[in-house]
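First comes the structure, then the notes that go with it.
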Amino acid sequence: MRRVYFDHSATTPVHPEVASIMCEYLKEHFGNPTSLHYFGRKVRKDVEAARETVARAIGADPSEIVFTSGGTESDNMAIHGVAYANKNRGNHIITSAVEHHAVLNTVKALGKEGFSVTILPVDKHGLVSVEDVASAINDKTILITIMHANNEVGTIQPIAEIGKLARERKIIFHTDAVQSFGKIPVNVDELGVDLLSISGHKIYGPKGIGALYIRKGTRWRQTLFHGGAQERLRRAGTENVPGIIGLGKAVELAMAEMESESARLRQLTDRLIAEVTRLPYVELTGHPEKRLPGHASFVFRFIEGESMLLSLDMKGVAASSGSACTSGSLEPSHVLLAMGIPHEVAHGSIRITMGRDNTMEDIDYFLEVMPPIVERLRAMSPLDQETEFAMNSDCAACKVSASCSKVQP
Ligand code: PLP
């Protein structure tokens with residue numbers, strides 16, 4: 001059976017060149033970078049070269065990069081570090097309703113510790129409004145944390161505009177660039193961010209490695225671990241050398257391929273979106289243009305996303321419903337709900353995220369196997385479809401708008 005991997009936003013396969021170089025650091029170059037002998041010095045030099053590669057890719061200085069265990073740790077470290085270091089200046093944090101849980105739950109936890117939190121709404125495409133950010137700022141605001149691109153719907157936020165505002169108002173600004181980095185240009189000065197999170201396993205690197213950019217001079221303090229002086233006292237613990245080397249290689253490859261790969265993925269995505277949205281009662285979620293290359297997400301009415309996933313899996317197609325962290329739970333995605341998509345419609349969400357191994361033949365295969373699955377699942381749907389379909393058959397909006405109140409059972 002043909003196997004098609006369409007879940008690159010959950011994780012990517014490790015690039016063969018990444019796997020190969022990592023093996024060298026598991027087998028031969030096993031030294032501890034803190035050691036003064038040859039084995040230590042060799043890996044120290046290579047870890048610093050990887051740091052430089054990561055820094056260069058986002059327009060930063062190597063001293064501003066801290067290696068972490070991934071996007072979740074980077075987000076936690078950024079938010080806690082700024083909140084605790086600036087407690088005497090204020091206690092207000094601004095974020096958005098569509099953040100990954102690594103941000104949302106961290107901010108909510110701070111809310112329980114006495115910080116005041118504003119969670120901004122988004123529009124129907126998942127976009128945060130810059131005006132909303134401006135009006136949420138008060139004299140106690142110490143941090144704005146808004147993601148660069150959304151993991152569930154691919155929407156790209158106006159980070160440069162929010163960055164400009166944050167700079168004018170002298171507020172520290174963090175962005176979670178876990179989904180955007182490696183797919184679209186990410187430059188810390190152009191975006192105007194003070195802290196930025198990235199993760200290795202979303203860009204064909206290994207799992208369990210990531211980085212946090214902290215702009216020089218940012219009021220931030222180490223909050224996670226007590227221990228050694230690694231990472232300039234910003235992250236204690238012996239460095240994950242194979243992971244760091246793998247991340248460095250993944251970043252190097254992503255930068256070399258980004259432009260051509262994004263253009264290729266946009267072609268695949270455009271075709272997929274055009275064909276899928278031709279089907280009745282299917283709608284694209286996220287912004288039609290301001291979205292990540294390779295990212296296509298939909299809601300299929302009268303279908304459970306999980307049932308569709310399982311049926312697709314039986315045909316060899318690996319997709320996802322919402323984010324990998326929330327699929328399997330009965331709660332619909334907080335992102336789709338924040339975009340105003342009704343509860344029952346949000347249950348029918350499917351995310352297709354393409355990557356470097358996908359081809360137009362994969363799209364053809366998906367377009368061949370998906371419609372009969374949709375037909376079968378709709379025929380089995382417990383919803384009173386005859387009434388629903390009859391009620392809405394004349395309503396053009398029902399084919400395109402997920403927020404049509406007439407369709408709600
Ligand atoms: N932030 C976003 C936007 C993500 O999509 C993810 C992972 O799905 C994370 C953070 C967490 O990253 P990691 O899996 O490296 O902890």
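Counting convention: from 1, in listed order, for ligands and their atoms alike.
- Looking at ligand 1, you'll find an N or O of D176 within less than 3.5 Å of one of its N or O atoms.
- The distance from ligand 1 to the heavy atoms of H201 drops below 4.0 Å at these ligand atoms: 13 (P), 14 (O), 15 (O).
- Aromatic rings of Y281 and F302 (six-membered ring for Trp) have centroids within the 6.0 Å cut-off, being under it.
- With sequence neighbours excluded, the residues satisfying ring-ring contact (aromatic ring centres under 6.0 Å, His included) with Y25 are H29.
- Ligand 1 has no N or O atom lying under 3.5 Å from any N or O atom of A10, backbone or side chain.
- Residues T118 and H92 bring a donor and an acceptor atom of their side chains to less than 3.5 Å of each other.
- Ring to ring, H334 and H101 are close: their centroids are under 6.0 angstrom apart.
- R51 and D46 are not joined by a salt bridge, as no carboxylate oxygen comes within less than 4.0 angstrom of a charged side-chain nitrogen.
- Residue-level proximity to ligand 1 for M147 is carried by the side chain, the only part with a heavy atom below 4.0 angstrom.
- For ligand 1 and T72, the ligand atoms under 4.0 Å from any heavy atom of the residue are 11 (C), 12 (O), 13 (P), 16 (O).
- Between E344 and R301 no salt bridge is recorded (no basic side-chain N to carboxylate O distance below 4.0 Å).
- In this structure, R167 fails the cation-pi test against F173, since its NZ or CZ atom is not both closer than 6.0 Å to the six-membered ring centre and inside 45 degrees of the ring normal.
- In the candidate list Q179, E152, H100, H100 is nearest to atom 6 (C) of ligand 1, counting heavy atoms.
- Contact annotation: for V178 versus ligand 1, heavy atoms closer than 4.0 Å belong to the side chain alone.
- In terms of polar-atom proximity, defined here as any N/O pair under 3.5 Å, K202 does make such a contact with ligand 1.
- Only the side chain of D75 comes within contact range of ligand 1, with a heavy atom under 4.0 Å; no backbone atom does.
- Of all atoms in ligand 1, listed by their number and element, those nearer than 4.0 Å to a heavy atom of G70 are 15 (O).
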